[in-house]
Q: 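One structure is given below, represented as structure tokens, and several questions about it will come after.
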Amino acid sequence: MKPPSSSPSRSPGRRPDRRPGAGRPDRRGGRVAPDPTRDIAFDIVEGVIVHRRMLDTSLEHSAAARTAEPRDRAAAHRLAATVLRHMGTANEILAPFLKREPPEPVRVVLLIGVIQLLFLDTPPHAAVATSVALARRRGLVPFAGLVNAVLRRVAAEGAQALEGLDQPRLDVPPWLWQSWGRLARPIASTLGHEPPLDLTIRPGDTAPPGGEVMPNGSVRFAPGTVKVTELPGFAGGAFWVQDMAATLPARLLDVRQGERVADLCAAPGGKTAQLACAGAEVFAIEREGRRIERLRANLARLGLDGVHVIQADAAQWRPDAPLDAILLDAPCSATGTIRRHPDAMWIKRPRDIATMTEGQDRLLAAARDMLRPGGRLVYAVCSLQPEEGEQRALAAAAMGLVPDPFTPEELAFLPQARTAEGWLRTHPGMLGARGGMDGFFAARFRRA
């Protein structure tokens with residue numbers, strides 16, 4: 001998709017607009033037309049690679065985004081996400097054309113230009129011109145000539161250079177590639193593509209037409225083919241957005257009518273909805289205020305008003321009586337969702353994993369203490385990192401939780417996701433020909 005460029009006219013005598021991204025004079029006295037799509041994309045990419053902020057957080061910090069049209073914000077989000085999905089390849093393409101390392105903001109401009117040229121089919125003259133203009137609007141006038149010269153060479157030679165590159169390997173940070181072992185290439189081969197849209201249908205409701213039914217019952221739509229809020233049944237709560245793999249932990253908890261169940265770290269609420277629709281009395285625990293607002297809104301749309309939504313730290317909260325079952329979808333590095341959130345690849349570091357695992361162990365110990373004897377726990381993370389998945393399952397067993405492996409019958413619809421230990425392990429390359437799925441790990445336990 002070619003990101004739109006906008007050039008609104010200015011009334012005679014009107015003061016120049018000094019907002020970020022607005023037209024402003026360069027050092028030669030000319031005026032650079034505003035371009036909200038690329039200004040917002042610049043803010044996002046710089047926020048991720050320079051300040052290590054998540055994509056959505058960087059979008060919130062973008063001054064240009066505050067006054068932009070929804071259309072421009074959406075186009076900027078796509079452009080920035082494409083940069084992050086192919087950043088390793090783009091940097092490799094740029095390397096022969098740069099005699100020395102440019103300042104980070106200049107590299108961001110160059111990356112946006114390369115991505116437009118090689119991955120978004122933007123006409124060369126437009127990709128080069130808009131990148132030069134972006135440099136000028138960002139106060140990088142001394143580098144405008146460099147941007148122009150480098151991107152002209154990329155336009156002439158980049159496509160041929162692209163053919164000889166191992167793009168999946170380049171577009172994954174080396175530490176992540178190494179950590180994924182034999183799964184690295186199957187995972188990485190899917191990361192350059194926008195993921196599909198998966199819906200979970202509320203029991204008794206009808207799926208919107210045109211989707212593909214996946215082995216677990218999710219209904220899948222190809223990327224960019226539908227707008228979820230415009231699908232029939234959305235307003236009435238007939239379905240919710242949830243990746244196919246994300247449905248599995250709640251399903252494997254196998255809750256029964258009337259059981260008292262906690263969903264720890266519950267937002268945005270897809271798994272809570274699954275548990276409530278199965279007939280459980282659900283305690284949805286969420287610590288962060290903004291996330292709990294989203295949780296409440298989602299449950300209200302689905303008509304699930306009977307859920308007990310509680311704002312609390314799940315490691316500290318305790319029920320008034322022991323629970324029958326707990327779903328612990330723990331905070332994690334989220335490397336399993338990098339198809340949807342490619343920023344996660346570039347802001348996480350190996351040392352971050354150790355911090356995450358400490359919190360996961362605290363939540364596991366708390367969940368153990370909330371269960372009645374014989375009560376069930378499913379521990380899950382949307383992570384591809386063994387430290388957060390397989391190693392945490394071993395830690396849970398060391399805490400006295402009794403392993404309760406998933407049976408082949410329970411995973412008969414996706415047998416390749418069942419490990420030798422009876423754990424669940426999905427990754428983006430699984431069912432790759434049908435659009436893949438997020439990376440999840442899950443293990444089930446009982447309290448002795």
Q: So, are E390 and R425 salt-bridged, with charged N and O less than 4.0 Å apart?
A: yes
Q: Does a side-chain N-to-carboxylate-O contact under 4.0 Å join D43 and R38?
A: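 Salt bridge: no.
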Q: Can R392 and E388 be counted as an ion pair, charged N to O under 4.0 angstrom?
A: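 No salt bridge links R392 with E388.
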Q: Could you pull out all residues at least two apart from D205 that satisfy salt bridge (charged side-chain N to carboxylate O under 4.0 Å, His left out)?
A: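 For D205, the residues satisfying salt bridge (charged side-chain N to carboxylate O under 4.0 Å, His left out) (neighbours in sequence not counted) are R202.
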Q: Any ion pair linking E286 and R291 (charged N to carboxylate O, less than 4.0 Å)?
A: yes
Q: Describe, in one word, how the ring planes of F234 and F239 are oriented to each other, choosing from parallel (under 30°), tilted (30 to 60°) and perpendicular (over 60°).
A: tilted
Q: Looking at R220 and D198, is there a salt bridge between them, counting it only when a charged N and a carboxylate O are closer than 4.0 Å?
A: yes
Q: State which residues pass salt bridge (charged side-chain N to carboxylate O under 4.0 Å, His left out) with R418; sequence neighbours excluded, sorted by chain then number.
A: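 Expected list: none.
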Q: By the definition side chain to side chain donor-acceptor pair (under 3.5 Å), identify the one residue from Q242, H427, R339, H341 that meets it with D438.
A: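 Output: one option passes, namely R339.
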Q: Can R52 and D352 be counted as an ion pair, charged N to O under 4.0 angstrom?
A: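 Looking at D352 together with R52, the answer is yes, because their closest N to O distance falls below 4.0 Å.
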Q: Going by atom types only, do T335 and Q385 share a side-chain donor-acceptor pair under 3.5 Å?
A: yes
Q: Going by atom types alone, do T419 and E421 pair a side-chain donor with an acceptor below 3.5 Å?
A: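 T419 vs E421: donor-acceptor pair found between side chains.
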Q: Checking side-chain polar atoms at under 3.5 Å, does T247 have a donor or acceptor matched by the opposite partner on Q274?
A: no
Q: What residues, two or more places apart in sequence or in another chain, satisfy salt bridge (charged side-chain N to carboxylate O under 4.0 Å, His left out) together with E60?
A: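 Once residues adjacent in sequence are excluded, the partners of E60 under the salt bridge (charged side-chain N to carboxylate O under 4.0 Å, His left out) criterion are R290.
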Q: So, E46 and R53, do they make that salt bridge, N to O below 4.0 Å?
A: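 The answer is no: the pair does not qualify as a salt bridge.
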